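Here the structure is laid out as structure tokens; the discussion comes afterwards.
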Amino acid sequence: MKPVIYVTRKIPEELLQPYREYADFRMWERETEPVPRDVLLKEAAAADGVLCLLTEQIDRAFFRAAGNLKVVANMAVGFDNIDIEAAEEHGVVVTNTPDVLTETTADLTFGLLMTTARRIVEAADYIRDGQWEHWSPYLLAGADVHGKKIGIVGMGRIGEAVARRATGFQMPILYHNRSRKETVEQELGAKYLELDELLQEADFVVSLVPLTNETARLFNKEAFRKMKKSAVFINASRGATVDEDALYDALINNRIRAAGLDVFEKEPITPNHPLVQLDNTVCLPHIGSASEETRTKMIRLCLDNLATVLRGETPITPVHK
Ligand code: NAP
Ligand code: GLV
């Protein structure tokens with residue numbers, strides 16, 4: 001009997017086709033709507049493998065319900081939606097999608113930084129709203145990017161790719177991790193700083209840390225108080241690394257200049273979200289890795305991870321605690 005794989009969102013048949021030889025696939029057939037929890041638990045109970053998205057909470061109750069499960073392939077590099085301890089207790093392998101999305105996410109992160117600093121969305125809306133009547137010296141004037149200090153919190157794969165882009169803009173690179181990364185210091189001239197020092201020195205503070213117990217609400221009232229008044233904050237990691245009330249407060253009181261946000265504590269957000277209402281924010285719907293090429297690579301990597309585990313081989317990109 002072939003193993004059963006449950007896929008929690010509709011993915012293109014042409015990507016599944018090569019894998020149909022070894023597995024029977026079941027799928028939540030909607031493209032834009034997450035699978036309801038009761039359906040997920042019911043399907044997981046009969047599955048050997050699950051391909052899930054970051055919209056699914058893969059928690060202890062899920063693993064209890066999934067008696068035959070051997071592998072969960074998360075279509076994301078971040079895996080804060082999965083209880084890894086519970087997975088290990090149930091003997092389930094968890095995989096994610098590192099590397100294939102690094103450059104695409106770095107493109108978006110740097111693009112968001114530029115867009116926020118140079119007020120590009122506001123400027124495009126200015127024309128759409130029929131407000132452009134004259135050119136004037138300070139019309140929609142933003143902040144320079146080139147030559148400014150970028151402070152990357154979470155100098156991992158994506159952080160490093162963002163730092164490489166920043167060198168093209170002659171930006172001195174500051175970074176903070178729990179451990180030093182000598183390669184970026186040698187190759188890009190990056191300077192390691194404690195978090196507080198980085199917050200005080202950087203013109204752009206960029207969050208690329210994974211969401212963990214340690215990083216939840218890392219960017220809180222005190223953190224925003226330490227930043228320069230002219231600082232621009234960019235979050236491309238997870239919304240919950242930020243205290244959104246404190247960020248709102250810092251932005252509305254001009255304690256920092258602006259924020260570019262690809263992620264939010266509770267997604268999706270609506271136009272009524274306080275951070276969307278501000279003029280000095282650029283808010284995006286979690287599109288860091290969203291290029292057609294990269295999303296296809298992520299799906300393929302998930303399918304390859306599922307195939308290797310279900311064949312009794314070593315997974316390609318297992319998650320480590
Ligand atoms: P990664 O290579 O694991 O990098 C994470 C970095 O964060 C590591 O260098 C790690 O260094 C550092 N870090 C971890 N805990 C820390 C802490 N408590 N304090 C300071 N630094 C800490 O991961 P990645 O592939 O670059 O991805 C990073 C994150 O980006 C993902 O976890 C995900 O949440 C997010 N992401 C978002 C999108 C999007 O669409 N917006 C797309 C892809 C990824 P140390 O271990 O030395 O601390
Ligand atoms: C997206 O947010 C990811 O973690 O891959």
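Both counts, for ligands and for their atoms, begin at 1 and track the order of listing. All heavy atoms count here, side chains included; hydrogens, waters and symmetry mates do not. All of these numbers come straight from a predicted model, not from anything done at the bench.
Y192 and N177 form no side-chain donor-acceptor contact under 3.5 Å, judged by distance and modelled atom types alone. Judged by distance alone, the side chains of H286 and E267 do bring a donor and an acceptor atom under 3.5 Å apart.
Closest heavy-atom approach to atom 13 (N) of ligand 1 within the set G239, P210, G288, S207: this belongs to P210. Comparing L208, I158, L54 against atom 24 (P) of ligand 1, the shortest heavy-atom distance belongs to I158. Residue N177 holds the heavy atom nearest to atom 9 (O) of ligand 1 of all those in N177, L218, T241. Across the listed options T109, L261, V209, V209 owns the non-hydrogen atom lying nearest to atom 22 (C) of ligand 1. Ranked by closest heavy atom to atom 34 (O) of ligand 1, the top entry among R238, E214, R157 is R238.
E31 and R9 are not joined by a salt bridge, as no carboxylate oxygen comes within less than 4.0 angstrom of a charged side-chain nitrogen. The pair E103-R164 meets the salt-bridge criterion, with a side-chain N (NZ, NE, NH1 or NH2) lying under 4.0 Å from an Asp/Glu carboxylate O. Note on R165 versus E160: no salt bridge recorded, every NZ/NE/NH1/NH2 to OD/OE distance being 4.0 Å or above.
The ligand atoms of ligand 1 that sit less than 4.0 angstrom from a heavy atom of T105 are 38 (C), 42 (C), 43 (C). Here is the list of ligand 1 atoms found below 4.0 Å of a heavy atom in M155: 9 (O). Interface atoms of ligand 1 facing T215, defined by a heavy-atom separation under 4.0 Å, are 17 (C), 18 (N). Ligand 1 places these atoms under 4.0 Å from at least one heavy atom of S289: 40 (O). Proximity to H286 (heavy-atom distance under 4.0 Å) selects the following atoms of ligand 2: 1 (C), 2 (O). Atoms of ligand 2 lying under 4.0 Å from any heavy atom of A76, numbered from 1 in the order shown and given with element: 3 (C), 4 (O), 5 (O). Annotation for ligand 1: atoms under 4.0 Å from non-hydrogen atoms of A236 are 35 (C), 36 (N), 37 (C), 38 (C), 39 (C), 41 (N). Atom numbering of ligand 2 starts at 1 in the shown order; those under 4.0 Å from a heavy atom of L101 are 5 (O).
Inclusion of S237 in the set of residues having an N or O under 3.5 Å from an N or O of ligand 2 is not warranted. Annotation: G156 places an N or O atom under 3.5 Å from an N or O atom of ligand 1; distance criterion only. For ligand 1, one of its N or O atoms has an N or O atom of S179 under 3.5 Å away. Below 3.5 Å of separation, one finds no N or O of M298 facing any N or O of ligand 2. Distances between N or O atoms of D262 and those of ligand 1 include at least one value under 3.5 Å. An N or O contact shorter than 3.5 Å is missing between V153 and ligand 1 by distance. At a 3.5 angstrom cut-off on N or O pairs, S289 does not count as close to ligand 2. Checked by distance only, ligand 2 and L54 stay at 3.5 Å or farther apart across all their nitrogen or oxygen atoms.
V50 has its side chain within reach of T8: a pair of non-hydrogen atoms, C-beta onward, lies under 4.5 Å apart. Side-chain atoms of R178 and E214, non-hydrogen and from C-beta on, do get closer than 4.5 Å to each other.
Neither the backbone nor the side chain of T105 has a heavy atom within less than 4.0 Å of ligand 2. Neither the backbone nor the side chain of V263 comes within contact range of ligand 2; no heavy atom lies under 4.0 Å.
Ligand 1 has no atom lying under 4.0 Å from any heavy atom of P98. In this structure, R238 has a heavy atom closer than 4.0 Å to ligand 2.
Although no hydrogens or angles enter the test, the distance criterion places a donor-acceptor pair under 3.5 Å between the side chain of H273 and the main chain of L275. Checked by atom type and distance alone, the side chain of D203 never pairs as donor or acceptor with a backbone atom of A231 at under 3.5 Å.
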Ring pair (Phe, Tyr, Trp, His ring centres under 6.0 Å), that's the test. Do F169 and F110 meet it? Break it down for me. CA-CA 11 Å; F169 286 73; F110 204 80; 4.9 Å; yes
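The closest protein non-hydrogen atom to atom 31 (C) of ligand 1 is V77 CG1, 3.9 Å.
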